[in-house]
Structures are given as structure tokens and as C-alpha cells.
Amino acid sequence: MSSTETRTPVAAAPKPALKINWVRLSPVLYTIGLFVIWELGARISGLPHTILPTPTRVFEAIFQYWSPIWKNSVQTLYTTVLGFLIAIVAGLGIGLFIGWSKTIYAGLYPIMVGFNAIPKVALVPILVIWFGIGTVPAVLTAFLISFFPIVVNVATGLATIEPETEDVLRALGAKKLDIMLKVGIPRSMPYFFGSLKVAITLAFVGSVVSETVASNSGLGQMMASAQSNFNVPLVFAGLLMLAVEGIAMYALMAWIEKRMTGWAHRSTMSN
Amino acid sequence: MSSTETRTPVAAAPKPALKINWVRLSPVLYTIGLFVIWELGARISGLPHTILPTPTRVFEAIFQYWSPIWKNSVQTLYTTVLGFLIAIVAGLGIGLFIGWSKTIYAGLYPIMVGFNAIPKVALVPILVIWFGIGTVPAVLTAFLISFFPIVVNVATGLATIEPETEDVLRALGAKKLDIMLKVGIPRSMPYFFGSLKVAITLAFVGSVVSETVASNSGLGQMMASAQSNFNVPLVFAGLLMLAVEGIAMYALMAWIEKRMTGWAHRSTMSN
Amino acid sequence: AQTDIKLTLDWRFEGPAAGFLLAQDNGYFADEGLNVTIDVGNGSVEAIPRVATGAYQLGFGDINSLIKFLDEDPSQPVKAVMMVYDKPVFSVVGRRSLGITEDPKSLEGKKLGAPPPDGAFAQWPAFKEVAGIDDSAITLESIGFPVREPMLASGDVDGVFGFAFSVILNLKANGVPEDDIVPLLFADHGLNLYGNAIMVNEAFAEENPEAVKGFLRALAKGFADAVADPGAGAAAVLARNEILDINTETERLEMANEMNIKTPYVVENGFGGIDEARLAASIETLKISMGLQGNVTAADIFDAQFLPPAEERMLP
Amino acid sequence: MASPLVSIENVDMRYGGPDGTLAVSGLNLKIQRGEFVAVVGPSGCGKSTLMKLTTGLHIPQSGSVVVANSQVTKPVSIVGMAFQNPTMLPWRTTLENILLPLEIVERHRHRLRAHKAEYVAKAEKLLETVGLKGFGEKFPWQLSGGMQQRANLCRALIHEPELLMLDEPFGALDAFTREELWCVIRDLHATQDVTIALVTHDLRESVFLADKVVVMSARPGRIISEHVVPFARPRQLELLYEPAFNEMVQKLHGEIATARAAA
Amino acid sequence: MASPLVSIENVDMRYGGPDGTLAVSGLNLKIQRGEFVAVVGPSGCGKSTLMKLTTGLHIPQSGSVVVANSQVTKPVSIVGMAFQNPTMLPWRTTLENILLPLEIVERHRHRLRAHKAEYVAKAEKLLETVGLKGFGEKFPWQLSGGMQQRANLCRALIHEPELLMLDEPFGALDAFTREELWCVIRDLHATQDVTIALVTHDLRESVFLADKVVVMSARPGRIISEHVVPFARPRQLELLYEPAFNEMVQKLHGEIATARAAA
Ligand SMILES: Nc1ncnc2c1ncn2[C@@H]1O[C@H](COP(=O)(O)OP(=O)(O)OP(=O)(O)O)[C@@H](O)[C@H]1O
Ligand SMILES: Nc1ncnc2c1ncn2[C@@H]1O[C@H](COP(=O)(O)OP(=O)(O)OP(=O)(O)O)[C@@H](O)[C@H]1O
Ligand SMILES: [Mg+2]
Ligand SMILES: [Mg+2]
């Protein structure tokens with residue numbers, strides 16, 4: 001049979017070479033690579049810097065406007081995190097709720113899908129009228145935009161529990177809530193964390209969009225006014241700060257994820 | 001021990017009552033409920049109809065403007081579905097790519113999170129420069145906004161394969177790609193479909209946002225135009241159409257999901 | 001062979017766009033051998049880079065923003081070739097009931113809603129200087145377009161920045177009585193700027209000077225038609241944007257004609273041209289309001305060579 | 001004690017709708033309080049189904065299952081069940097898995113927080129009994145197949161259930177570990193007031209442990225015979241080498257052979 | 001045929017890093033081409049680990065594993081493995097699960113599409129051999145434990161591997177089904193040029209089937225003795241009742257008892 005035919009002599013065990021930890025390095029390398037491509041792309045495409053500034057100019061802008069960028073970033077981070085936290089609680093809650101019963105699932109899911117197909121920016125005016133401009137609409141928009149992925153993944157996690165695992169608890173006379181808490185939630189944790197990665201990015205989008213429409217501070221407001229002044233490098237500086245904040249939040253969550261769902265990440269494949 | 005102490009006489013098997021199929025009815029009931037709450041809420045809150053029109057007024061608007069609503073809906077549906085399809089292909093591809101190697105995972109994930117924390121509306125002007133206004137930027141925006149949830153769930157699915165399942169294939173000398181195709185993808189299907197629910201809603205948001213900025217047609221353009229005329233009932237009519245289209249797409253996917261991932265939805269809990 | 005031209009408007013298909021649409025519907029473009037595609041825009045600022053990059057050959061946008069744009073990067077191949085809004089409608093619109101009168105001084109101590117991308121708001125620094133307003137007690141609230149008029153209608157702010165005709169009509173739609181609305185036009189209080197103009201991509205203009213000329217000739221006819229018969233203009237708009245209301249758009253078009261287009265200067269000198277001195281003066285004004293570095297002169301901004309003779313540009 | 005603890009009468013159970021697999025049909029079985037019943041039968045005959053019917057994990061389409069005098073319509077809470085496949089929760093350590101029933105069962109869950117140490121000590125003692133001392137901190141997927149099965153057994157025992165359902169609990173164990181655990185179960189049954197149902201493929205196991213061995217037919221399963229085991233308790237491992245014992249095992253063996261051929 | 005097909009030399013295998021569980025230590029084993037080796041030993045001693053080392057699913061920290069003359073550094077492709085836990089893919093029917101190896105193994109994957117019917121017929125025949133006729137269309141979770149194990153066996157056989165690794169393939173089966181399958185494996189070994197390694201807890205099984213029975217010590221596992229089985233082939237089931245057979249089983253039994261006590 002095929003592979004045995006090649007009677008190679010017994011190979012010596014491969015020596016471990018001087019090892020570079022590519023896994024740790026790669027985020028840095030990829031980021032540098034991205035900036036290089038961006039710089040080249042912007043130069044070659046010949047787009048005016050009022051449309052697509054080069055990273056060099058963007059960094060200049062960051063340097064030049066550091067104080068407002070910093071203040072507005074903190075504001076945006078604050079509203080985003082707040083909205084995100086509410087989304088986690090609500091997402092988990094609604095996810096469990098939907099997982100609870102087929103009737104609720106059938107009734108609530110379509111409505112939520114419909115609701116989420118609506119651009120949240122359309123709702124900001126209503127929030128502004130109710131809560132005035134500033135922090136509250138931004139937090140609420142961040143929340144409204146980001147809870148759905150959490151709901152979906154928690155609900156999917158609950159719906160795909162193997163009955164064999166459920167039976168372990170059912171045989172003990174466990175209540176549905178017990179099964180949810182002891183099996184449903186832990187089992188969907190890996191996907192819950194996955195959904196958080198999506199949710200946090202959406203939360204940023206939500207608060208920025210809301211700030212663009214109605215706020216005196218925050219990156220959204222800063223970018224909107226920079227845009228109207230043709231200060232496009234500053235707009236991109238704002239976008240870059242958003243990305244950095246998103247990545248920071250991601251790193252935090254990846255850290256929590258690693259501590260909480262190690263059991264699920266035993267796959268040997270991704271090396 | 002507790003529950004045996006109560007020596008109740010042997011109960012007769014419960015008779016099945018005249019059954020209403022609540023599961024089938026519930027979407028309708030929930031939707032009606034929603035409209036009732038909305039109508040009451042809008043009346044009681046006393047918000048002007050230029051902020052929050054009542055459903056009655058919205059339906060009037062749908063009736064009155066049916067022809068443009070219909071034409072624009074079709075356009076939006078078309079761009080959305082196109083962008084969504086590209087997102088599925090790209091999302092699956094990138095998800096597999098990320099699941100392929102720890103280095104790619106570590107390098108690409110943060111960048112994607114960063115990218116997704118950026119409101120896509122900021123990119124539309126660049127797309128317009130490259131592709132003009134209209135269908136292409138809308139399709140691309142829909143794609144850019146919606147591929148990330150798919151990537152995350154596919155990558156999570158791959159990362160959480162039980163090594164025991166992988167071993168079945170590895171023991172056969174399977175290549176990594178084989179393992180991805182034969183185990184990774186099918187196993188993450190339930191979550192893939194979950195992510196599609198999120199992705200389709202985002203795709204709608206994406207194409208509408210792009211249409212708002214740059215299009216001669218589509219619901220986004222229509223709503224923006226209505227908004228700038230303070231024809232708010234028509235804006236809400238557009239939102240409602242979006243919701244309806246979102247739900248229709250959801251129903252389609254739920255149907256496909258049911259056919260493809262029945263094996264995973266064996267849980268007896270959600271009844 | 002017809003020359004293909006892509007034109008981007010400043011905004012959506014609304015009343016003031018009637019001149020463009022009539023030029024097309026009445027076949028004026030076709031007569032000049034042009035095949036014109038008219039696309040909607042997303043604000044009179046965004047049209048500029050669209051033209052500068054060549055994505056669009058021609059565009060309709062704010063000349064003040066164009067000055068700022070070219071001041072930032074004078075090498076960009078874009079120039080204004082025809083003035084459309086001889087007088088801009090940059091304004092603060094307030095409500096009499098909230099204490100705002102025709103006197104700019106009445107703005108002092110008030111709370112004003114300002115959408116950051118708004119063209120009127122951009123001129124605020126210059127306006128407050130020429131009008132001698134002390135802004136130390138003025139609160140500026142950064143609000144977006146969708147909430148601008150509702151917030152004014154509900155009294156959350158005392159006045160808002162914006163284009164007079166949009167704001168007035170929108171306030172009416174929000175239920176504010178007409179006599180409560182006070183538009184403070186910057187132009188009426190010493191701010192002598194130009195408004196929106198036709199811009200061309202210079203590379204295109206060099207290669208197709210005849211096409212540009214023909215376009216402007218056709219456009220002048222279109223605008224003349226729109227002034228002559230606003231009802232027909234509004235109908236042309238509605239043919240492209242069914243959701244509008246014919247009366248509102250007629251009103252909007254009439255207001256634009258009256259306030260922006262058919263100014264005394266235009267009646268005298270014809271539609272489309274400029275007064276070099278006035279443009280130069282406005283560049284000086286913009287140094288205050290937009291912080292120009294002084295990289296451009298009036299000649300860098302406006303190129304009159306493609307305009308048809310003045311007698312072909314007279315408005316009815 | 002007139003009424004039996006478990007009484008299954010004329011039960012039919014079909015999986016997956018009207019056209020599904022008929023797993024058991026016309027099943028009748030009574031288990032007295034305190035009795036030790038062993039169930040044997042060919043693979044796929046419905047033994048696991050029988051266990052799940054008794055605990056209320058499945059509800060039969062016809063016939064009645066009565067446990068502790070009440071009709072079973074949902075899972076009953078007096079049971080400790082060791083499933084055929086050790087379904088340990090992978091996110092919990094072995095010890096935490098074993099403590100799981102205590103977090104659920106009414107009697108214990110309220111005491112758990114206050115008496116944590118006591119319960120942990122009990123779990124660790126159990127682990128030691130089955131030869132898994134020191135493996136409590138490992139995750140279940142770090143255990144070998146046989147070790148998982150033993151942990152699974154611990155989980156069924158920890159909350160001292162009234163009715164113990166063991167579905168092939170020793171299948172993956174070597175002969176010696178198996179014999180040790182026989183003694184553990186035997187002693188448990190002797191010292192505590194517990195009723196046990198044991199599914200097994202090992203006839204010697206069934207005769208050594210049980211008061212009554214019931215033989216099931218091939219699918220659709222029903223009881224084809226019941227054998228009372230005559231050997232006095234307490235039974236020692238020496239019994240395994242006695243001729244009478246082996247005779248009974250042989251008899252059962254033969255009987256199943258005939259039943260199988262007939263089916 | 002000087003060199004053995006499998007040669008394990010001085011292998012140490014530790015799970016989970018330097019402080020992990022030392023599963024096997026100083027393991028030495030040679031399996032000749034065509035040989036049938038049975039591995040017995042206490043639960044948790046490292047039998048499954050040995051199987052996985054041989055197939056290259058684990059790479060040892062020290063020592064060498066050579067299969068078919070090449071050092072094992074990644075999974076080898078000449079093996080058919082029946083895992084201890086039947087790890088069927090739940091989204092495939094039993095038949096599709098059994099066909100899985102054909103989709104992977106080089107030799108078959110290119111032929112599969114064109115010869116689908118032929119392969120399906122083969123799989124169905126195999127299913128029939130193990131008594132699962134008609135269950136091909138069922139999903140694995142619709143099968144009983146023992147049925148899953150039999151399907152698992154089919155999956156290991158379908159692609160006619162050169163080296164067959166069976167990890168307790170009959171643990172969940174009743175005595176009769178088990179004996180039937182013994183005969184299936186025996187005939188397979190007799191008619192095809194296949195090398196088999198079998199992990200089992202049933203000493204009679206090991207003696208009935210194997211050419212050589214190796215006994216492993218408790219963890220960390222190593223081979224403490226090897227016994228050549230003297231009975232001539234072909235062996236019939238009657239052999240089970242012959243005194244010489246039972247004597248050998250008893251001898252092994254006793255030896256393991258001593259080894260266990262020593263460990
Ligand atoms: N979830 C299920 N869905 C459909 N059929 C099932 C399911 N579980 C079991 N069956 C069928 O019911 C029959 C009896 O299964 P059961 O698990 O009770 O057998 P068993 O006696 O425990 O067998 P074994 O000794 O192999 O464990 C089998 O034919 C099986 O195919
Ligand atoms: N994935 C793993 N991670 C950590 N430790 C493991 C892992 N797999 C096995 N072990 C440990 O290695 C030792 C040997 O396990 P192995 O599965 O080889 O035993 P076995 O002989 O097959 O036992 P059994 O007869 O119970 O199946 C055990 O102590 C077990 O705890
Ligand atoms: Mg069973
Ligand atoms: Mg093992």
C-alpha cells in the first residue's frame with residue numbers, strides 16, 4: 001500500500017532550530033505590512049490626501065492633534081464600553097430567553113432580525129429627543145447595535161446542546177434554568193466570546209455614529225468636524241484610534257477568553 | 001428522600017388538549033404586539049410625528065408611496081443579497097484561513113477587529129471615487145460590513161473542534177485541508193448559520209448606509225431624501241420595509257439551516 | 001459621437017436641482033452632443049473630491065469649500081467654471097418665540113445647533129466677526145442634520161445653522177408657524193461670499209473644451225427654464241424622486257431662484273459669471289472663517305473661459 | 001412494601017416519530033425497593049432505552065412507567081444514573097463533574113455552599129475507592145476511557161440516590177479493576193437502602209451482583225425471562241470460582257443463545 | 001522480512017507539558033508484518049496511548065517509533081484505527097461515516113466518485129457482517145452504544161488498511177455478538193495481508209485472536225511480558241472450551257494479578 005513502498009532509511013528526529021516566536025510577532029508584522037501596503041497604495045493610486053491620506057500624514061495628524069484626539073478617544077471608549085457591557089448582559093439574557101422556549105424563539109427572533117436590519121443611525125434622532133445629545137444616546141446606540149450577535153450565539157449555543165449532555169442534568173431532575181446555567185452557558189462560552197469580538201466592533205461603530213449625529217465630544221464628533229474642514233488626515237487619525245481601541249478591547253477579551261474557555265480550544269490543528 | 005415521600009396515587013396520563021400551534025402563531029402575535037406597543041408608546045410619549053410616527057401613519061405612507069417604496073426595496077434587496085453572498089464566500093474563506101494557522105490567527109484577527117471598529121460609512125466616499133455612486137459601493141459596503149461575523153464564527157468553529165474528532169481524520173493521514181473540509185466546516189455549520197443571521201442584518205445596514213451617501217436609488221436614498229424633507233412616516237416606512245426584507249431573508253436562511261444542521265438541533269430543551 | 005459626462009450634484013434630487021434636470025429633459029445636453037449622467041450628491045463638500053479625482057467630470061458644489069480644498073492642495077485638478085448661487089443662503093435660523101430677531105446681536109447668550117459638516121456653520125467665524133457678535137456666551141451644540149429642525153422645533157436649541165430655504169421648509173414641516181421663523185442670512189449682514197458653482201475636472205476640460213462649453217450653454221438654458229416655470233422644474237424633479245411633494249418642491253425652487261440665483265447682479269450681468277474682486281474678497285473672508293493659508297488666488301479658483309457670452313446667460 | 005419501586009407495564013417506545021425505530025415493545029418489569037436487578041441482552045435490544053424510560057428521560061408512547069408510586073411524565077429526581085457513554089462536561093474538572101449532582105439535587109444544593117469541604121472530601125474519597133486518587137483536578141478529557149467510566153460511576157453515587165441506574169458501568173475496565181468495583185457496588189447495596197438496576201454484558205457480573213437477572217430479547221426488546229440468583233449475601237469473590245456459580249452463568253448463556261437464535 | 005512493521009523503542013510519552021502525566025515510560029514493542037498482537041493491561045496504563053503513538057497521533061518526547069521503516073513524525077497513512085470511543089461524526093449518517101476513510105485515503109479518494117456504488121455496496125456488506133444491516137441510513141446518535149462501536153469497527157476496516165489498530169472494539173458488546181465479531185476479525189486476518197494490534201480487557205479474546213499477547217504494567221505503562229499464543233490457526237470457537245485455552249487465560253490472569261500487586 002502506497003506510502004510504505006518508499007523504504008527510506010529511518011530518519012533522525014528533527015532538531016529544533018533556533019526558534020522565532022512567530023505567533024507573538026505576527027500581529028506586529030501584519031500591522032506593519034498593512035501600513036506599508038497602505039502607504040504604497042495611497043501613493044501609487046494618486047488619490048488626493050483629502051480622500052486617502054498616507055499613513056505618514058495620518059501619524060503627523062495624530063501627533064499634531066494629540067490632545068483633542070486623546071480626550072475624544074477616552075469619551076468614545078467610555079460610551080462604547082458602557083454600551084457594550086449593557087449589551088453583554090442583555091444579550092446573554094435575551095439569548096437565554098430565546099433558548100428557553102420554541103414559542104419565544106419563533107416569535108422574538110424574526111422581530112430582532114428585522115430590528116437589526118435597520119440602520120441604527122435612524123434611531124439616533126429619537127434617542128436624542130428623549131435623552132438630549134451627548135453620552136446617553138451614544139451608549140444606547142452602542143448597546144442597540146451590539147447586543148444581537150451575542151443573542152444569536154448564545155441562542156445557537158443553547159439550541160445545539162447535545163441531548164446526551166442535557167440528559168446528565170435532566171436525569172438529576174434539574175430545572176430548565178439549571179440546565180441553562182450548568183450546561184447551556186458554559187458550553188456556548190467559546191461562541192459567546194466569538195460574538196463579543198463582533199459585538200465590541202459594532203459597539204464602537206454605534207457610539208461613533210451616534211456622536212456624529214449628536215454630540216459635543218467623542219471621536220465621531222471630532223471626525224465629523226474634521227471632515228467638514230477637509231482635514232482628512234485627522235479623520236483617518238480618528239479611524240486609527242478607533243481601530244486601536246477596538247484592538248485593545250479585543251486583546252482584553254482574548255485574554256479573558258483564554259482563561260475561561262481553554263477546555264474548548266484543544267484542537268491541535270491550528271499550528 | 002424528598003420527592004418519594006409524597007405518595008400520590010398513580011396519575012392518569014395527561015390528555016392532549018385542543019392544541020393551538022403557538023410556535024407557528026407566535027411570530028404573528030409578537031409582531032402584532034409590537035405594533036400595538038409602538039402605537040400606544042408613540043401616542044402616549046407625545047413625540048412629534050417628525051420624530052416617531054405611529055404605525056398607522058407609517059402604513060398610510062407605505063400605501064401612499066407604494067410605487068417608489070417597492071422599486072427602491074428591490075434595488076436594496078439586490079445590492080444587499082449580492083454583498084451578502086460575497087461576504088459568505090469571503091467569510092468562509094478568511095475563516096478557514098484564520099483557522100489554518102496560529103500565526104495567521106494572531107496576525108490577522110486584531111487587524112480585522114480594528115477594521116471592523118471603523119464605521120463603514122467613512123469608507124463610502126473612497127468607494128465612490130473608485131466606482132462611482134450606485135450599486136457597486138452599496139454591494140461593497142454590504143460585503144465589508146457583513147463578512148466579519150462569519151469569519152469569527154467559522155474560525156471559532158475550527159478552533160474548538162474536539163481533538164478526538166480531528167484524530168479520526170488525522171489517523172487516516174488526512175491533510176489539514178481535508179480536516180477543515182470534512183470536520184471543520186460541517187461542525188461549525190450551526191454557528192455559521194447563526195452568523196449569517198447577524199451578517200444579513202448587517203448587510204442591509206451596509207447597503208442602506210451606502211445608498212444614503214451615494215446612490216440614485218435604493219431604500220437608503222429614499223429614506224435620506226424623505227428625512228431631508230421631514231417626511232418621517234416615509235422614513236419609517238422604509239425602515240419597516242428593511243425589517244420585512246431582513247425577516248424574509250432570515251426565513252430563507254432558517255429554512256436552509258433546518259435542512260442542513262438538523263443533526264445539531266436535537267436538544268429537547270427548548271419546548 | 002456623443003461625449004459622455006458624469007455630473008455629481010451637491011445634494012439629492014430636490015427643487016433647486018431643477019435647472020440640471022430641465023437641461024437634460026428638454027434635450028439641451030443632447031443638442032450639444034453630450035450624454036450626461038446626473039448623480040445625486042451627499043453635500044456640497046463631497047462633490048469636490050469626486051470631481052478632483054476624475055470620478056466625475058463635472059460637479060456642483062460649494063465654491064468656498066473648493067477654495068479651502070485647493071488651498072490645502074493647489075495641485076488638485078479642479079476648478080469652478082460657472083457660478084450658480086450668486087448669493088449663498090448660509091444662515092442662522094431662529095425662532096422669534098425663543099428670543100431671536102433679525103438683529104444678529106440677538107444671538108448672544110443663545111444656544112445654537114450646529115451640524116459639523118454644515119456649510120453655514122463653517123462660515124460662522126467670519127460671520128461673527130463681520131457682524132460684530134460677541135460669542136462668549138453662545139453655546140454651540142454639535143447636532144446632526146436629522147435632529148436639527150426637530151430640536152429647534154422642540155425648543156432644545158434657540159437657533160440652528162443651515163441653508164435658509166431647507167431649514168424654513170423643514171421647520172414648517174415640524175409644525176413651527178411661519179411667522180415664528182426668523183432666517184438670519186449671513187449675506188444680508190456683511191458676509192459677501194459666493195455659493196455653489198459648477199466645477200470641472202481640469203484634465204477633462206483640457207481635452208474636451210468644447211464639451212464643457214456646450215454643457216454650460218445647455219445648463220444656462222436649463223436654469224433659465226427653471227426660473228421661467230418653477231412648476232415644470234419641480235415636475236422634472238418629481239419624475240426622478242417620486243416621494244416628494246410637488247408644492248413643496250415648487251416652493252423650494254422658487255425660494256432658491258429668488259434668494260440665490262436671480263440676484264440683482266445676475267439680472268444685470270447674466271447667470272454664471274463672477275466678479276473677480278468679489279471672489280478675491282471672499283477669499284480674504286475665508287482666511288478668517290476657514291483658516292486659509294493663502295495658497296490660492298481668485299484666478300486659481302474660477303475659470304470663465306468656458307462660459308457662453310453673457311447674452312446667452314440672461315435669466316427670464 | 002406492597003408496591004414495587006419501579007413498575008413498567010406494557011411499555012412501547014419508538015424513537016423519532018411514528019416511522020422511527022421501535023426500541024422496546026410490550027416491556028414489563030417490576031423492581032422492588034432495595035432489590036438489585038441486572039439486565040442482560042443482545043446489543044441494541046433496548047437496555048439503555050429501558051434505563052432512560054425508568055428515569056423519565058424518555059416518555060413511552062404507550063404503557064405506563066411508575067416510579068415511587070407516581071406515573072413518570074418527566075425525569076424523576078431520586079435517581080443516580082451512570083450513562084453508557086461517560087458524558088462528562090469538558091469544562092469542568094473531574095472533581096467538579098462529580099460534584100455536579102450536588103449542585104442540582106434539592107437535598108444537597110442548599111447545603112453545598114456551606115458544607116463544600118465536606119462534600120469535596122466525600123468526592124475525593126469516592127475517587128479513591130475507584131482508583132482515581134489524585135485525578136480530581138484533571139479534566140475528563142485527560143483521563144483514559146476506563147478512568148472516565150469510573151469517574152462517571154462516582155458521579156452517579158455522590159448524592160446517594162435512592163435508585164441507582166448503572167448502564168454498563170464497567171465495560172471499559174480490565175478484569176481486576178472490575179472485580180474491585182463489583183465489591184464496591186456490592187457493599188454499597190449491602191450497607192445502604194438503595195435499589196439498583198444494572199445493565200451489563202458480563203453474565204458473571206450479573207450473577208455475582210444481582211438478586212434477579214432479567215434477560216431481554218433482541219430488538220424490539222422485551223423481557224423474555226427472569227432468574228432469581230440463589231446465592232446468599234454477602235457474596236465474596238471466591239463465589240466466582242464455585243461450580244454452582246458457573247453453572248448458573250452457563251445456563252443464562254445458553255438461554256440467551258436460544259433466545260437470540262429465535263429472534 | 002527482517003525489519004518489523006512497527007518498532008517502538010524506549011519510548012516515553014508525557015501528556016501536557018513537562019509536569020503532565022507520564023503515560024508510558026521505557027516502552028518497547030515490535031510488531032512483525034502480518035502479526036496479530038493483543039495488548040492487555042490495567043485501566044489507565046497507557047494502552048490507548050500506545051495505539052496513538054504507533055499511528056503517529058502523538059509524537060513521543062523521547063525514544064523512537066518506526067512504522068514501515070520510517071520514523072513516525074506525523075500520522076501515518078497506512079493505518080485503520082478503531083478508537084476506544086466511537087467518534088462518529090454526528091452530521092453524517094452511519095454509512096457516510098463508514099465511507100469517510102475512502103474520501104481521505106489517497107488510494108481510494110480518486111476512485112470514489114466513479115465507483116461510488118461499488119464502495120457503498122462494500123460498506124453495506126460490512127454493516128451486514130457486524131449485524132447492522134439497514135442501519136446505514138441512521139445517524140450515529142440513533143444507534144445504541146454497542147451499535148456505534150460496531151459501526152466504528154466498520155470504519156476502521158473499509159479501506160483495507162495494512163495495519164489495523166483496534167482499541168477495545170468489542171467492549172460494549174454482548175458475548176454472542178462479540179464472538180461473531182471475533183470470527184470476522186479472525187477471518188480478515190487469515191485472508192488478507194494485514195497486521196493487527198488489538199487492545200482488550202478480555203483475556204479470552206486476546207488468546208483466541210492473537211499470535212502474541214503483550215501485558216502492560218500500570219501507569220507509567222511499559223511491556224512487562226509477552227506471550228506467544230501456541231494454538232494453531234485457523235481457530236474455531238470450540239477452542240474457547242478447551243482446557244489448554246483456559247489454562248493459558250488463567251496463567252495470564254494470574255500474571256497480571258501479580259504485576260498489578262507489584263505496581
Ligand atoms: N436517540 C435515538 N434515536 C433513534 N433511535 C434510537 C435512539 N437511541 C436508541 N435508538 C434505537 O433503539 C434501539 C435500542 O437502543 P438501546 O440504546 O436501548 O440499546 P441497548 O440495548 O442499550 O444496546 P447496547 O447494548 O448496544 O448499548 C436501537 O435499535 C437503536 O438504534
Ligand atoms: N489527552 C490527555 N491529556 C492528559 N493525560 C492523558 C490524556 N490522555 C491520556 N492521558 C493519561 O495517560 C494515561 C494513559 O492513558 P490511556 O488512555 O493510554 O490509558 P489506557 O490504557 O487506554 O486506559 P483504558 O483501559 O482505561 O482505556 C492516563 O493516566 C491518562 O490520565
Ligand atoms: Mg446501551
Ligand atoms: Mg484506552
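Naming convention: chains lettered A, B, ... in sequence-line order (proteins, then strands); numbering from 1 in each chain.
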Under a 4.5 Å heavy-atom cutoff, which of [options] has the most pairs with chain C?
options                      : result
B:Val124, B:Asn72, B:Thr212  : B:Thr212
B:Ala214, B:Pro68, B:Ser67   : B:Pro68
B:Val235, B:Leu234, B:Val128 : B:Val128

Are the side chain of B:Asn216 and the backbone N or O of C:Val40 linked by a donor-acceptor pair below 3.5 Å?
yes

Would you mind checking which part of C:Leu9 comes under 4.5 Å of any heavy atom in chain B, side chain (CB onward), backbone (N, CA, C, O), both or neither?
neither

By a 4.5 Å heavy-atom criterion (distance strictly below it), what part of C:Arg240 contacts chain B: side chain, backbone, both, or neither?
neither

I'd like to check B:Met222 versus C:Glu242 (side-chain heavy atoms, cut-off strictly below 4.5 Å). Are they in contact?
no

Mind checking whether B:Ile129 and C:Tyr56 have side chains closer than 4.5 Å, heavy atoms only?
no

Proximal component of B:Ser217, with respect to chain C [non-hydrogen, under 4.5 Å]:
neither

In terms of heavy-atom proximity below 4.5 Å to chain C, should B:Ala61 be classed as side chain, backbone, both, or neither?
neither

Answer key: most heavy-atom pairs under 4.5 Å with chain B among C:Thr53, C:Asn174, C:Leu244 is C:Asn174

Minimum heavy-atom separation for [X] and [Y], please, with both atom names.
X        : Y        : result
C:Ile243 : B:Ala226 : CD1-N, 3.6 Å
B:Val213 : C:Arg50  : O-NH2, 3.6 Å
C:Asn241 : B:Ser225 : ND2-OG, 2.8 Å
C:Lys6   : B:Gly132 : NZ-CA, 3.9 Å

According to side chain to side chain contact (heavy atoms under 4.5 Å, CB included), who are the partners of C:Ala47, at least two apart in sequence or on a separate chain?
C:Thr8, C:Met199

